[in-house]
Amino acid sequence: MTISAIPPTAKLIAVLTGIAVPWLVFGRVIMALPLILAVLLLVWFPERRQYWRALLGQVRTPIGMMVLVTLALWLPSMVVSPQPLRSMEAWVRVPVFIGLIFFLAAMLSERQEALALALKALIVTGAIATLFALFSLTFLPEVLSFVRSWVWIDLPYPGFRPRDILKPYAALTVLMAPVLVWGGWRLGGHWRSLAAVTVIGLFGVVLLTNNRSAIAGLLAIAVVGAGLMMCVRRNLAVNMAVGVVLFSIILAVLLWLHDTRLTLPLPTILEGIVTILPRWLIDYQRQTIWVHAIDIGMRSPWFGNGINVINFLPGADLKLPNNNLNVIPAHPHNWLVEVFTETGALGAFALLTLVITLCLKLSGDFLKSGNTALLAALLVNVGYWSSGLFSFSFWSAWWQVSFLLMMAFCLAGRARLDQD
């Protein structure tokens with residue numbers, strides 16, 4: 001089947017889902033527009049019944065059952081939530097997002113040409129978005145201001161910080177980079193070059209925004225990816241060389257953190273600052289926030305205090321010493337701490353078990369089959385869950401959707417992509 005033989009609706013869904021994630025660079029509302037249209041087309045797709053069957057088939061798998069158990073163990077927290085409607089809305093989003101992503105993956109897996117089209121849209125849009133981000137962070141920040149406010153304003157002006165505005169896009173590097181590399185490699189030709197240049201540009205965005213959580217995710221991806229490739233190749237000389245390079249990269253990052261962050265001012269311990277780990281490795285704000293979040297979680301340790309309400313719980317509005325932040329800002333910048341505080345030990349354990357099991361399954365399946373789509377899916381998981389230990393709220397819709405969408409492309413690509 002060629003691109004021209006794909007049904008027009010499938011083409012449109014492929015393009016819309018391909019461009020959605022990079023569009024975050026222009027704002028979350030702009031990102032949501034193609035996704036909403038894609039969902040409307042997907043749920044009315046003529047062959048949707050067979051996708052329902054595919055979804056039900058996935059529910060019966062061990063991973064599917066673990067997802068259901070996790071969702072069930074999150075429900076008791078609704079009883080004590082100070083804002084039950086807010087908690088229920090965040091809970092409902094998770095199975096809805098997962099179901100829609102399985103729909104998309106089922107459609108794309110049957111139409112590999114549509115998947116190729118989605119990957120091409122991702123690569124092209126990712127290149128444009130990354131170039132826009134680099135321009136905005138260097139010599140043309142006015143473009144970012146204009147896109148976000150639709151008014152051309154001379155810079156600088158108070159409150160406009162391109163680095164902070166583009167940190168969410170930089171965070172997407174841990175999700176997009178494995179898919180771009182895999183997609184470019186599978187598509188071949190000039191797509192490989194464009195994908196490689198885009199990934200390099202994304203690394204530049206990470207450095208320019210000083211996004212340390214993304215750097216942590218990229219390091220985790222490098223360690224896991226290099227380790228699996230060593231297992232596959234089993235060439236002693238090559239593996240030793242890869243190990244030396246990987247060790248050098250990790251050492252360089254640690255030295256960079258040490259040199260750039262050790263000189264930062266630190267309030268005294270008597271002022272309530274927590275520094276269990278070296279402050280150049282993890283800032284004292286995060287460490288202090290995590291400790292206070294865990295203390296709040298211990299008020300209801302088994303079933304939690306309610307989903308997506310941690311910053312509304314008693315004590316969350318206390319001020320960090322020598323800082324304008326609350327002791328619990330919008331979220332604790334750690335998905336495991338957040339899920340424990342809000343859904344309890346049972347909910348956190350269920351999610352942690354699901355994450356570990358999924359990663360182990362993807363690793364095992366890749367080692368058995370050598371299918372690079374499974375490797376890409378694993379690295380997306382590694383990047384998402386490792387960087388999420390330091391970054392955005394687990395319940396952020398854009399963050400969840402971006403992760404699941406990249407996973408859908410990888411899982412749909414387990415079959416061979418046509419090279420058109």
Side-chain angles (χ1 to χ4, degrees), residues 1-23 31 34-35 37-48 50-55 57-58 97-127 129 172 175-196 198-199 362 365-366 369-381 384 401-420:
M1 183 185 292
T2 63
I3 291 291
S4 60
I6 306 173
T9 304
K11 284 186 187 179
L12 187 54
I13 291 173
V15 172
L16 289 171
T17 53
I19 68 176
V21 172
W23 271 20
M31 175 189 177
L35 286 174
L37 183 55
V39 167
L40 294 175
L41 294 172
L42 189 62
V43 297
W44 291 105
F45 202 70
E47 300 173 12
R48 61 186 179 275
Q50 69 185 62
Y51 301 149
W52 273 112
R53 290 193 292 269
L55 176 60
Q58 291 296 324
F97 287 168
I98 293 175
L100 290 172
I101 289 301
F102 269 115
F103 258 57
L104 175 65
M107 188 207 78
L108 294 177
S109 66
E110 288 189 351
R111 294 174 171 83
Q112 292 293 298
E113 297 79 8
L115 176 58
L117 189 59
L119 291 174
K120 291 174 182 178
L122 174 67
I123 293 172
V124 171
T125 312
L172 291 179
L175 306 179
M176 290 173 58
V179 182
L180 288 169
V181 172
W182 165 73
W185 181 262
R186 295 298 298 270
L187 291 169
H190 61 277
W191 295 106
R192 294 183 181 180
S193 302
L194 184 58
T198 302
V199 170
L362 290 171
D365 290 347
F366 166 69
S369 66
N371 193 321
T372 53
L374 296 171
L375 176 61
L378 171 65
L379 297 183
V380 169
N381 264 276
Y384 177 76
V401 167
S402 298
F403 163 64
L404 292 171
L405 197 53
M406 294 300 102
M407 282 292 293
F409 292 159
C410 296
L411 296 179
R414 285 175 289 184
R416 182 182 178 274
L417 280 176
D418 289 344
Q419 300 298 312
D420 56 349

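Atoms considered below: every heavy atom in the structure, side chains included; atoms not considered: hydrogens, waters and symmetry mates. What you see is a predicted model, and the numbers here were worked out from it, not measured in a lab.
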For I13 against A38, the heavy-atom pair lying closest together: CG1-O, 4.3 Å
Verify side chain to side chain contact (heavy atoms under 4.5 Å, CB included) between I19 and L122, making sure each step is shown before the conclusion. CA-CA 5 Å; I19 68 176; L122 174 67; over 6 Å; no
Do the side chains of F409 and V380 get nearer than 4.5 Å, heavy atoms only? no
State whether the side chain of S109 and the backbone N or O of A106 hold a donor-acceptor pair below 3.5 Å, judged by distance alone. yes
Contact check, side chains of M407 and I101, non-hydrogen atoms, under 4.5 Å: no
Less than 4.5 Å apart, any side-chain heavy atom of L374 and any of C410? no
I need the minimum non-hydrogen distance between P22 and A129, along with the two atoms involved. O-CB, 3.5 Å
Tell me, please, which residues at least two apart from Y384 pass ring-ring contact (aromatic ring centres under 6.0 Å, His included). W399, F403
Main chain of A412, side chain of Q112: is a donor-acceptor contact present, judged purely on distance under 3.5 Å? yes
Once ring-ring contact (aromatic ring centres under 6.0 Å, His included) is applied, do any residues pair with F366, and if so which ones, sequence neighbours excluded? none
Out of curiosity, D365 CG to N371 CG, how far, rounded to the nearest 0.5 Å? 9.5 Å
Separation of W185 CH2 from L180 CG (nearest 0.5 Å): 15.5 Å
Please give me the minimum heavy-atom distance between V43 and L40, naming the atom from each residue. CG2-O, 3.4 Å
Rounded to the nearest 0.5 Å, the CZ atom of R111 sits from the CG atom of L117 at a distance of 13.0 Å
Worked verdict on L379 versus V181 for side chain to side chain contact (heavy atoms under 4.5 Å, CB included): CA-CA 11 Å; L379 297 183; V181 172; over 6 Å; no
Kindly compute the distance separating CH2 (W23) from CG (L16), expressed to the nearest 0.5 Å. 8.0 Å
Using every non-hydrogen atom in the two residues, find where A10 and A114 come nearest and quote the distance to one decimal. O-CB, 4.5 Å
For A195 against G184, the heavy-atom pair lying closest together: CB-CA, 4.0 Å
Atom CG of L411 and atom CD of Q58: how far apart are they, to the nearest 0.5 Å? 8.5 Å
With L104, which of V39, L115, L42 fulfils side chain to side chain contact (heavy atoms under 4.5 Å, CB included)? L42
Before giving the answer on side chain to side chain contact (heavy atoms under 4.5 Å, CB included), spell out for N381 and L362 the whole-Å C-alpha distance, their side-chain angles and the decisive distance to 0.1 Å. CA-CA 9 Å; N381 264 276; L362 290 171; 3.6 Å; yes
Under 3.5 Å, side chain of R186 to main-chain N/O of G183, donor-acceptor pair present? no
Answer yes or no: is there a side-chain heavy-atom contact under 4.5 Å between V179 and L119? yes
Please report the closest heavy-atom contact between A373 and G413, naming both atoms and the distance. CB-O, 3.4 Å
Chi angles and distances behind the side chain to side chain contact (heavy atoms under 4.5 Å, CB included) call for S402, M31: CA-CA 10 Å; S402 298; M31 175 189 177; 3.1 Å; yes
Side-chain heavy atoms of V21 within contact of L175, under 4.5 Å: no
Please report the interatomic distance CG(L37) to CG(L12), rounded to the nearest 0.5 Å. 5.5 Å
Side-chain touch R414/S369, heavy atoms, less than 4.5 angstrom: no
